[in-house]
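Atoms within a ligand are numbered from 1 in the order they appear, just like the ligands themselves.
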Amino acid sequence: MLNIAIFASGGGSNAEAIINHLENHEHLFVRLIVSNRKNAGVLNRAKKYGIETLVIDRKEFYENKKFTTQLAAAQIELIVLAGFLWLIPPFLVKAFPKRIINIHPALLPKYGGKGMYGHHVHQAVFDNQEKESGPTVHYVNEEYDEGNIILQARCELSASDQPEDIAQKVLRLEHQVYPVAVEIVGQFIREGKI
Ligand code: GAR
């Protein structure tokens, strides 16, 4: 069994889509949900599925030892960021090479970087009158949204789409592609392909 930890700061709709997709999977198991916010909606979703949760504060997160030990104790082999807003510290990137992936709600390299999350992204896409948008799944390195791209999905935008409409279109695509991307990356790790 390959154990997965999902890190999320918010509502956790992507986390739930992944949990549902991998429920009863032969080889992949969502073992742990980590959040930096004790009131994050994702924690209620985790409880609903009986998945262990861990709320982490900034000091613990950026201080190597304890957190790494907790991940090791849970035998985590893949970390999936799903709306997790803190930059991953270098020691964690090093401890999990090609083992941390993220979804970003825009077609990177456009609309990425510090401060570009959630509605800020969709507002910028709207302000620039983009004709398309869509999520990017990528590996995580020490910089925001700069790791190698695994996949992108696209949707057309119409002139009447408001930022909320763009957000909805992109989130719908996220729910379709992220669970599958997690499954493929998880399988590749199991099979020693990455
Ligand atoms: C998602 O749209 C995700 O792409 C975005 O946060 C949302 C989380 O929604 N992530 C970022 O903006 C990261 N830069 P969810 O909590 O419902 O899954």
Side-chain angles (χ1 to χ4, degrees), residues 4-23 30 32-49 51 53-56 58 61 78-89 92-93 96 100-128 130 132-155 157 161-183 185:
I4 297 170
I6 301 178
F7 291 14
S9 305
S13 70
N14 275 290
E16 185 157 5
I18 294 164
I19 292 165
N20 279 323
H21 183 72
L22 295 181
E23 217 176 16
V30 179
L32 182 66
I33 302 281
V34 176
S35 185
N36 57 320
R37 288 183 46 233
K38 66 175 191 301
N39 297 325
V42 70
L43 297 170
N44 293 329
R45 297 194 202 245
K47 274 182 202 117
K48 196 167 88 186
Y49 292 89
I51 298 173
T53 58
L54 174 66
V55 176
I56 186 139
R58 185 171 277 278
F61 187 67
L78 173 61
I79 295 174
V80 173
L81 310 186
F84 187 70
L85 300 183
W86 285 354
L87 189 64
I88 302 299
L92 205 52
V93 175
F96 287 86
I100 311 178
I101 63 174
N102 179 44
I103 192 159
H104 184 77
L107 296 168
L108 292 173
K110 283 179 155 186
Y111 307 111
K114 194 170 173 16
M116 272 295 178
Y117 61 88
H119 68 278
H120 299 289
V121 175
H122 306 299
Q123 184 66 49
V125 168
F126 173 79
D127 291 343
N128 286 323
E130 293 286 357
E132 61 173 13
S133 190
T136 302
V137 178
H138 64 94
Y139 289 111
V140 169
N141 65 12
E142 286 88 349
E143 310 295 331
Y144 277 111
D145 307 321
E146 285 189 9
N148 287 343
I149 290 173
I150 298 169
L151 70 82
Q152 294 187 309
R154 288 161 196 274
C155 55
L157 304 178
D161 280 334
Q162 299 301 300
E164 306 76 51
D165 304 313
I166 301 171
Q168 246 181 44
K169 283 184 174 180
V170 173
L171 191 64
R172 198 176 308 135
L173 274 181
E174 292 185 43
H175 295 162
Q176 288 169 16
V177 300
Y178 207 20
V180 179
V182 170
E183 183 180 7
V185 171

A side-chain contact here means heavy atoms from C-beta on lying under 4.5 Å apart; do [X] and [Y] qualify?
| X | Y | result |
| --- | --- | --- |
| Val80 | Tyr178 | yes |
| Asn36 | Arg58 | no |
| Ile33 | Ile19 | yes |
| Asn141 | Ile100 | no |
| His104 | Tyr144 | no |

Geometric N/O contact [X] with ligand 1, under 3.5 angstrom:
| X | answer |
| --- | --- |
| Ala82 | no |
| Glu174 | yes |
| His104 | yes |
| Ser13 | yes |

- Say whether Gly11 and ligand 1 are in contact under the criterion: heavy-atom distance to a ligand atom below 4.0 Å. yes
- Query: Should Pro135 be listed as contacting ligand 1, given a heavy-atom distance under 4.0 Å as the test?
  - Reply: no
Protein heavy atom at shortest distance from [atom]:
| atom | result |
| --- | --- |
| atom 9 (O) of ligand 1 | Asn14 ND2, 4.0 Å |
| atom 16 (O) of ligand 1 | Gly12 N, 2.7 Å |
| atom 11 (C) of ligand 1 | Pro105 CD, 3.6 Å |

- Message: Assess, by modelled atom type and distance only, whether the side chains of Tyr111 and Glu130 contain a donor and an acceptor separated by less than 3.5 Å.
- Response: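 Glu130 and Tyr111 do have a side-chain donor-acceptor pair below 3.5 Å.
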Below 4.0 angstrom from a heavy atom of [X], which ligand 1 atoms are there? Numbered from 1 as shown, please.
| X | answer |
| --- | --- |
| Gly83 | 6 (O), 8 (C), 10 (N) |
| Ile103 | 4 (O), 10 (N) |
| Gly118 | 12 (O) |

- Task: Report the relative orientation of the aromatic rings in Trp86 and Phe61; use parallel for angles under 30°, tilted for 30 to 60°, perpendicular for over 60°.
- Result: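 Taking Phe61 first and then Trp86, their aromatic rings sit tilted (interplane angle of 30° to 60°).
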- Task: Check Met116 against ligand 1 and report side chain, backbone, both or neither, counting heavy atoms closer than 4.0 Å.
- Result: backbone
- Assess whether side-chain contact (heavy atoms from CB on, under 4.5 Å) is satisfied between Ser133 and Lys169, documenting all intermediate values. CA-CA 9 Å; Ser133 190; Lys169 283 184 174 180; over 6 Å; no
- Task: Over all heavy atoms of both residues, which pair between Arg37 and Ser9 is shortest? Give the atoms and the distance, please.
- Result: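 So the two residues come closest at NH1-O, 2.6 Å.
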